[in-house]
Structures are given as C-alpha cells and as structure tokens.
Amino acid sequence: MSEIRVSLPDGSVKTYPAGVTARQVLASWREDLVPSAVAVRFGGNALDLSRSLHEDGALEVIGIASREGLGILRHSISHVMAQAVQDSFQGVQVSIGPSIEDGFYYDFDYAETFTPEDLAKVEARMAEIVRSDKSFERREISREEAITLFQKKGENYKVELIQDLPPDVKTVSLYSQGDYVDLCRGPHIPSTGMIGAFKLLNVAGAYWRGDEHNKMLQRIYGTGFATQEELDEHLRVLEEARKRDHRRLGRELDLFQVNEEAGAGLAIFHPKGMLLRTIIEDWERKEHLKRGYDMVMGPQILKADLWRRSGHFDHYRENMYFTEVENQLYGIKPMNCLAHMLIYKSKVRSYRDLPLRYFELGTVHRHEKAGVLHGLMRVRQFTQDDAHILCTPEQLNSEIRDIADFVAYAMKIFGFDYEVELSTRPADSIGSDADWEMATNALEQALKDNRMTYDVNPGDGAFYGPKIDFKLKDALKRKWQCATIQCDFTLPDRFDLTYVGPDGERHRPVMLHRVILGAIERFMGVLIEHYAGAFPVWLSPVQAVIQTVTDKQIPFGEEVFRRLVEADIRVEKDFRNEKLGYKVREAQSQKIPFMLVIGDREVEGRKVSPRQRDGKNLGPMDVDAFIGQVKDLCARYQ
RNA sequence: GCCGAUGUAGCUCAGCUGGUAGAGCAGGCGAUUCGUAAUCGCCAGGUCAGGAGUUCGAAUCUCCUCAUCGGCUCCA
C-alpha cells in the first residue's frame with residue numbers, strides 16, 4: 001500500500017496511507033481542531049474534511065472562525081435554504097446560491113412570489129434540517145449523467161450550467177444533505193449541525209446570470225454565523241447602518257430633501273445642507289487654486305452637434321436630456337468636458353502653456369434609470385468637482401501622480417480610507433488599440449511610481465478611455481466610488497486640439513478627466529453616513545449653540561452671540577423659555593459640536609461653559625478662549 | 001428599465017374581514033423662569049400619494065400613474 005507525506009501547519013511532516021481522509025489527518029495531528037474545522041486547504045485546493053488524500057502535499061486547516069471558513073459555512077447554509085424552499089413549496093427550480101460578503105443568497109425560479117411569511121416558514125424548515133444534523137456528502141458523476149439527473153428533476157438552470165461548462169470538464173460534483181442533491185463545486189461543512197446561527201433577510205429580484213435580457217428570478221438573501229452572538233452583532237451593525245442612513249439624517253438634521261413633486265433624483269438643499277455644501281466647495285476652490293488649476297465654467301446646454309462630435313451622442317445619448325431651442329437641438333450636459341475643449345481651442349497653445357488644468361464645479365444632468373435612484377448617492381442632477389488637464393504625453397505621468405496625491409490628501413482631510421482600482425477598455429468604446437494601450441500604461445505606471453496598491457477591473461473603463469477609480473471606505477466599511485482619473489486620447493483628437501512644440505510643429509495634447517470628491521451630492525451622502533451626522537467642527541453647519549438657563553441671561557447671551565458671529569463661528573442661539581435639559585437634548589440630537597450654557601454664574605464671570613457633543617464639560621472660560629479653541633480645531637482645513 | 005414590497009398629520013406609526021380618521025413627538029397659545037438628553041395644560045393640523053373603477057357606501061377591493069424602499073442591470 002502506498003503512502004503519502006503530508007506537511008502540517010506546524011512544519012512537521014507525517015506519513016499516512018494513501019486515501020486517508022483530511023479529517024483523519026487532522027485528528028491525528030490536532031484532535032482539538034476537528035470540531036471547529038469546516039474544511040482544509042490541501043495542495044492549494046479547499047477540500048471537504050471527508051475527502052481522501054492521494055498525494056503528498058501541505059495541509060492547512062480552514063476553521064469556522066476564518067473568513068474562508070465563514071464563506072464555506074454560509075455557502076452550506078444556502079444549500080440548506082434551497083432544500084427548505086423546495087421542501088416548503090412545489091414547483092421551485094433552483095439556480096445558483098453562493099456566499100457573499102456578508103452572507104449568502106440563492107436564486108429561485110418560482111411562479112408565486114415569496115413573502116416575508118414564506119421566509120419565516122423556510123427558516124423554520126431550515127432549523128429542522130440543522131437540528132437533524134445531516135452530513136454533506138460529495139460524489140462525482142459524469143457530465144452526461146448529471147445532465148440526465150437534473151433534466152429528470154426538472155432543474156433546467158442546473159442543466160444549462162452543466163452544458164455551459166468548458167468541453168474539457170468531464171465530471172461534475174454533487175453535494176447532498178439528506179435526500180437533497182445540488183450541483184456544487186464545494187467544499188461544504190461536514191454536516192448541517194455545524195450551522196450555529198442564520199437568518200433570512202429579504203427577497204429581491206435578480207436576473208438569471210445577471211443579464212437583464214434573461215428571466216428575473218427571486219433571490220433570497222440571508223446570513224449566517226458560527227454562533228448566535230456573532231449573528232446578533234451583525235444585526236446590530238445593520239441597525240446602526242439604518243440609523244446612519246443619510247436620507248434619515250438629512251431630514252432629521254434638516255439638510256436636504258428629495259421631493260416627489262419636484263421630481264425623482266433631484267436634491268433640494270436646505271439652509272444647513274447648503275452651508276455644509278458651501279464649506280466643502282470653498283475647500284475645493286482653495287485646494288485647486290493651490291495646485292495650479294484655473295477655475296472655468298461652461299454652459300448648461302450645448303448644441304447637439306457638439307455632442308455628436310465628442311462621441312457622447314453615439315455612446316451616451318440614452319443618459320442625456322435634450323431640449324429644442326429655435327429649431328436647434330441642444331443637449332443638457334452630462335459631463336463638463338466640452339466647454340473646456342472650447343476654452344483650450346480659443347487660441348493657439350504653446351508647449352510652454354502646458355499643462356493646462358481647467359477646474360469646474362460643474363453641474364451635470366444624467367438620465368439615470370428610475371430604479372437606481374437613492375437619496376443623494378444616486379441622483380439625476382449633480383455637481384462634480386471636475387477638471388480636465390491638457391498636457392504633453394511626457395507630462396502625463398507626473399500629472400496623474402499629482403492627482404493621486406491630491407486624492408490622498410483629500411481623503412485624509414475628510415477622514416476616509418480608500419482602495420484603488422484600474423479599469424480597462426470596455427466593449428462599447430472609441431479610439432485605437434494603440435491609444436488605449438498607451439493610456440492604460442500611463443495610468444498603471446503612475447500608480448506604480450506612487451507605490452499604490454491597486455486591483456484591475458477589466459472592461460470597466462469609460463467609453464473614451466481607461467480610468468483609475470478610488471473607492472472610499474466609510475466608517476461601516478462600505479465602499480463608494482468618488483474620485484476617478486480618466487485618460488482620454490480621443491477627445492483632443494475629435495476636437496483637433498493642438499499645441500506648438502519646441503520644434504515649431506503642431507502636436508496633439510493628451511487629456512485627463514478627473515474628479516477628487518466626485519459628485520458633491522454623493523460625497524455629502526457618504527460624509528453624513530460616515531460621521532453619522534456628527535460632523536467634525538470645521539464641517540458642522542452649526543458649530544455652537546448658546547443656551548440660556550432663564551430669560552435673565554438673554555442680554556449676555558446676545559453679547560456672546562455677537563462676538564462669535566464676528567469671529568466667523570457658525571453659531572445659533574436658543575433663548576427659548578424651556579428647561580435647560582430640553583435645550584441640551586435638542587442640541588445633542590442635532591449633533592452640534594458645542595453647547596454654550598449661560599446661567600447666572602457665566603453672566604457674573606462674563607464666561608461661557610462649553611459642553612462638547614460627547615457630553616464632556618470644558619468648564620467656564622473666556623469667550624475669546626472658546627473662539628481660540630474652535631479656530632484651532634479648524635486650522636488645518638482652512 | 002426589470003422583480004417585489006410600500007405610500008394615512010411636518011416626523012414615527014395605529015386603523016380587524018368596506019360603514020363618516022387616531023396616538024406620540026414636532027407646531028401654535030397659555031402657564032412655568034427652571035443648571036447639562038424630554039415641565040404642564042389647551043388648541044390646531046389629513047382630497048388617507050394622484051387618477052379611474054366596483055359598491056348604497058372605499059384609507060380598506062380592482063386597474064393605471066407617480067414616488068419611495070430592498071435588490072438586479074447600470075453608474076459619480
């Protein structure tokens with residue numbers, strides 16, 4: 001009988017008879033790890049504990065607490081859910097059911113609609129399956145057998161999946177728990193009893209294979225954990241996210257509204273929201289001027305011919321609004337680049353003029369599909385902190401690097417982490433292969449020169465060029481697309497932009513489109529959720545509120561108010577005839593950074609006693625001392 | 001755009017199988033002058049998203065439109 005050599009995580013190497021199961025190996029090494037092991041990694045592949053090993057290799061344990069182990073657990077729960085759904089309802093076809101970031105889903109084809117009550121029923125059946133502790137059994141059968149099997153079961157989606165496998169795949173694996181069988185690559189947890197806690201969350205539509213031309217299936221989302229405590233914690237985070245929802249805070253803090261009567265996807269900024277926005281925009285203008293950008297502004301509508309010339313008419317028309325003026329078709333701008341092209345073309349440019357950096361807080365309109373609109377995050381009118389940089393090919397690298405630095409600085413100022421992605425040529429695009437390659441290389445090289453880590457997103461570029469996307473991460477670890485740098489060799493060509501080089505000849509400049517915060521609306525939405533409405537002092541629409549204890553202190557309150565206003569502090573007064581506790585509570589729920597309580601003691605000493613948003617009382621101090629503190633807190637941002 | 005759910009006072013929500021709309025908070029008025037997360041009383045407030053239909057009668061049933069929510073597809 002042949003033997004195999006297995007190296008274990010502690011570095012030791014042991015010999016086993018060929019065909020030994022992963023569980024046996026694990027048990028012989030660390031018996032105590034077996035109960036919490038969901039699978040192993042052997043020779044680079046994740047395998048079930050029940051799998052037999054036939055060759056030498058290194059074995060790692062995949063514990064239920066690890067990220068990978070949790071994914072396997074959730075994938076197994078999705079199988080249990082599929083079984084429960086088929087046990088509970090007649091005529092349901094299954095399709096696919098993977099684990100995802102925070103849980104799992106399974107897509108079903110079913111004539112009826114699943115209701116929340118149905119989910120409760122499914123959960124109950126799932127609990128039974130978990131209690132019965134059925135083991136997951138794996139077996140391999142030929143592709144033909146599998147097709148016959150699933151055809152017999154009426155599982156047309158599974159049949160399609162198998163038929164679409166590459167021709168060299170001869171066998172497929174099946175997993176069963178009890179009498180339920182599913183096509184699956186695996187691995188799975190040893191048995192259903194290992195499922196500690198799960199919950200089905202919601203039902204949603206999803207196209208078969210993610211293609212909008214295909215049938216819409218019903219997707220049931222759920223999540224699961226090794227323990228109930230972890231599930232509870234996860235549900236608590238979901239609740240926290242709900243409380244931070246910018247749509248809710250936008251109303252509670254009186255920042256903005258989206259009004260049905262005005263139109264879907266159109267944000268209306270209230271005074272405090274507009275103040276916040278203005279603070280952000282002022283910061284932008286200052287930072288751009290500092291970095292050698294010129295502020296410009298283009299019109300809201302431009303003739304359709306210009307959009308034809310730029311390629312937008314052919315590639316972006318369904319997202320654009322048009323209007324007719326005196327028999328002329330005009331396109332409402334969905335991007336800001338066109339006017340910037342015309343500014344460049346307004347005179348002959350020398351290589352000495354380059355780079356030219358045109359910056360515009362440009363308001364654009366895009367006809368987004370009704371179903372994608374979402375508070376401030378996805379709207380139909382928004383303002384980008386947009387710039388177009390025209391430079392020589394030689395300057396491209398340093399321009400991209402400067403922008404990446406600018407983004408890094410902005411993210412630090414606003415308190416975000418971020419990830420970087422490089423997106424390459426999409427199917428529907430314009431321009432030559434050579435240009436695309438050059439542009440993609442330029443972006444990639446700059447990322448490397450700046451020593452930034454990044455992922456590649458194939459086919460995700462804009463129609464006119466590749467791009468670098470910066471995905472910002474908020475306090476709840478959710479990612480948002482904000483900054484982007486897009487390389488464009490096409491538009492300068494289409495508009496015949498030139499500059500005179502040192503050789504006296506005309507040359508074609510290259511262009512970068514870029515945004516730093518992206519859309520101001522979305523960025524504000526992200527900011528609101530990131531800070532849960534409790535903005536840092538420099539961003540707070542109201543930085544301090546003055547609260548009198550009784551009417552007696554109003555005259556001094558007015559004096560303090562005047563002094564703060566003169567010192568450019570954004571201050572409100574609350575001199576209402578209410579108890580102090582009431583005023584404090586209200587200011588607290590408005591998340592105002594400082595409350596200045598004024599009672600007899602303060603009037604007497606001509607002082608203020610600031611109470612911070614976190615409840616900490618700073619004790620009595622002179623008004624100037626308080627002004628100084630606020631100024632210090634804002635200093636690095638102004 | 002697609003699938004599903006939802007739409008009642010400024011906000012959060014009650015309103016059973018069709019029988020003339022209710023609470024808390026917010027708002028107004030009055031009382032209270034009070035020290036760090038809710039003082040008390042009174043008052044006002046709704047074409048039940050909009051439209052059409054069924055019915056003696058519709059917030060409630062049906063259809064259409066709009067909007068919102070959860071996803072999918074798309075995206076700053």
Side-chain angles (χ1 to χ4, degrees), chain A residues 105 107 112-116 201-221 242 245 247-248 251-252 254 257-265 316 318-319 334-336 362 364 366-386 423 426 460 462 467 469-472 480-484 486 513-523 525-526 547-554 576-590 595-602 609-613 615-617:
Chain A
Y105 66 78
D107 287 349
E112 311 284 310
T113 302
F114 293 122
T115 64
L201 298 170
N202 49 1
V203 193
Y207 299 111
W208 165 235
R209 297 191 148 179
D211 185 332
E212 62 181 320
H213 304 295
N214 286 344
K215 183 166 185 186
M216 175 88 43
L217 307 176
Q218 294 187 66
R219 174 172 298 179
I220 301 180
Y221 282 94
R242 201 179 65 78
D245 191 315
R247 294 165 299 189
R248 176 195 179 100
R251 188 174 51 239
E252 288 174 0
D254 200 11
Q257 63 175 304
V258 179
N259 191 301
E260 181 179 342
E261 291 180 275
Y316 208 72
E318 62 283 9
N319 282 301
M335 297 184 193
N336 301 298
V364 297
R366 295 184 187 173
H367 181 205
E368 301 291 344
K369 292 175 179 178
V372 306
L373 302 175
H374 180 91
L376 291 181
M377 304 297 197
R378 201 69 188 275
V379 289
R380 286 182 171 154
Q381 175 189 308
F382 56 99
T383 300
Q384 297 174 299
D385 58 341
D386 204 1
S423 297
D460 215 27
K467 57 178 183 169
D469 287 328
F470 295 80
K471 301 260 160 100
L472 151 182
W480 299 97
Q481 161 83 70
C482 289
T484 162
Q486 308 181 346
H513 307 243
R514 48 105 286 188
V515 290
I516 303 296
L517 305 182
I520 303 294
E521 286 78 2
R522 172 179 292 183
F523 189 73
V526 174
Q547 301 162 333
T548 46
V549 176
T550 73
D551 291 353
K552 269 191 298 180
Q553 296 91 22
I554 290 180
R576 292 174 301 172
N577 174 13
E578 294 288 351
K579 289 184 144 180
L580 185 59
Y582 182 84
K583 299 183 185 187
V584 168
R585 181 174 195 273
E586 197 164 289
Q588 196 74 46
S589 59
Q590 287 296 305
M595 291 169 230
L596 303 179
V597 174
I598 299 192
D600 287 339
R601 288 202 294 275
E602 284 73 20
S609 295
R611 176 199 207 268
Q612 286 183 170
R613 189 163 48 191
K616 190 179 166 204
N617 205 315

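Just so it is clear: chains get the letters A, B, ... in the order the sequence lines come, proteins before strands, and each one is counted from 1. As the structure is a prediction and not an experimental result, all values here were calculated from the model.
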Exercise for the section: Could you measure between the two P atoms, the one in B/rU47 and the one in B/rA59, and give it in whole Å? Expected result: 13 Å
Completion exercise
Testing B/rU33, B/rC72, B/rA67 for proximity to the side chain of A/Y221, the answer is B/rC72
Exercise for the section: Output the single nucleotide from B/rA67, B/rG35, B/rU73 whose closest atom is nearest the side chain of A/E260. Expected result: B/rA67
Practice task
Give a yes/no answer on whether the side chain of A/Y582 brings an N or O atom under 4.0 Å of OP1 or OP2 in B/rA26.
Solution key: yes
Problem - B/rA21 and B/rC16, which share atom name P, separated by this distance in whole Å - result: 13 Å
Practice task
Check every strand shown and say whether A/G210 touches a base, only sugar-phosphate, or nothing at a heavy-atom separation below 4.0 Å.
Solution key: sugar-phosphate
Handout entry: Rounded C1' spacing from B/rC72 to B/rA14 in Å
Key = 34 Å
Exercise for the section: Report the nucleotide, chosen from B/rG70, B/rU68, B/rC72, that has the shortest atom-to-atom distance to any side-chain atom of A/V258. Expected result: B/rU68
Handout entry: Short side-chain N/O contact to B/rU12 OP1/OP2 from A/R251, under 4.0 Å
Key = yes
Handout entry: Presence of donor-acceptor pair under 3.5 Å, side chain of A/Y207 and base of B/rG1
Key = yes
Handout entry: A/H374 vs B/rC75: side-chain N/O to OP1/OP2 distance below 4.0 Å
Key = no
Exercise for the section: With P as the reference atom in both, quote the distance from B/rU12 to B/rC69 in angstrom, rounded to an integer. Expected result: 12 Å
Completion exercise
Considering only heavy side-chain atoms of A/R576, the closest of B/rG71, B/rA37, B/rG27 is B/rG27
Problem - Touch class at under 4.0 angstrom, heavy-atom based, for A/D211 against every strand present - result: nothing
Completion exercise
Looking only at B/rU39, B/rC74, B/rU68, the nucleotide nearest the A/E578 side chain is B/rU39
Exercise for the section: Report yes if a side-chain nitrogen or oxygen of A/R247 is closer than 4.0 Å to either non-bridging phosphate oxygen (OP1 or OP2) of B/rC69; otherwise report no. Expected result: yes
Practice task
Quick one: label A/G599 by what it contacts on the DNA or RNA (base, sugar-phosphate, nothing), any heavy atom closer than 4.0 Å.
Solution key: base
Exercise for the section: When you get a sec, tell me which of B/rU36, B/rU68, B/rG70 is the closest nucleotide to the side chain of A/A264? Expected result: B/rU68
Problem - Sugar-phosphate only, base, or nothing, as touched by A/K215 at under 4.0 Å among non-hydrogen atoms - result: nothing
Exercise for the section: Please work out if A/V372 contacts a base, only the sugar-phosphate, or nothing of the nucleic acid, heavy-atom cut-off 4.0 Å. Expected result: base
Problem - Cationic N near anionic O, under 4.0 Å, A/R209 to A/D211 - result: no
Practice task
Identify the nucleotide, in any strand shown, that forms a Watson-Crick or G-U wobble pair with B/rG7, with both distances under 3.5 Å; if there is none, say none.
Solution key: B/rC66
Practice task
Would you indicate what A/Q218 reaches in the nucleic acid, counting non-hydrogen atoms under 4.0 angstrom: base, sugar-phosphate, or nothing?
Solution key: nothing
Exercise for the section: Please determine, for the side chain of A/A204, which listed nucleotide (B/rC74, B/rG71, B/rG1) has the closest atom? Expected result: B/rG71
Problem - Nucleotide nearest A/Q588 when distance is taken to its side chain, options B/rG35, B/rA67, B/rA37 - result: B/rA37
Practice task
Provide the distance between the two P atoms, one in B/rA58 and one in B/rG53, to the nearest whole Å.
Solution key: 12 Å
Practice task
Indicate whether OP1 or OP2 belonging to B/rA37 is found under 4.0 Å from a side-chain N or O atom of A/R611.
Solution key: yes
Practice task
Mind checking A/V364 for me? I need base, sugar-phosphate or nothing, with any heavy atom below 4.0 Å counting as a touch.
Solution key: nothing
Practice task
Could you tell me whether the side chain of A/E602 has a donor or acceptor atom within less than 3.5 Å of a complementary atom in the base of B/rG35?
Solution key: yes
Problem - Gap in Å between the two C1' atoms, one belonging to B/rG24 and one to B/rG45, rounded - result: 15 Å
Practice task
Remember a base hit wins even if backbone is also touched, and classify A/R522 as base, sugar-phosphate or nothing at under 4.0 Å, heavy atoms.
Solution key: base
Completion exercise
Against the side chain of A/D551, the closest entry in B/rU33, B/rC72, B/rG1 is B/rU33
Handout entry: The single option from A/Q553, A/E578, A/K583 passing side-chain hydrogen bond (donor to acceptor under 3.5 Å, both in side chains) against A/T548
Key = A/K583
Exercise for the section: Tell me yes or no: between the side chains of A/Q590 and A/R613, is some donor less than 3.5 Å from an acceptor? Expected result: no
Exercise for the section: Give A/R378 one of three labels, base, sugar-phosphate or nothing, depending on what nucleic acid heavy atoms sit under 4.0 Å from its own. Expected result: base
Exercise for the section: Under 4.0 Å between any heavy atoms, over every strand shown, what does A/N259 touch: base, sugar-phosphate, or nothing? Just pick one. Expected result: nothing
Problem - B/rC74 OP1/OP2 closer than 4.0 Å to side-chain N/O of A/Y316 - result: no
Exercise for the section: Quote, to the nearest angstrom, the C1' distance that separates B/rU8 from B/rG46. Expected result: 8 Å
Handout entry: Selection from B/rU39, B/rC75, B/rG35 that lies nearest to any side-chain heavy atom of A/K579
Key = B/rU39
Problem - Cationic N near anionic O, under 4.0 Å, A/E318 to A/K369 - result: no
Handout entry: Interatomic distance at C1', B/rU17 relative to B/rC61, whole Å
Key = 12 Å
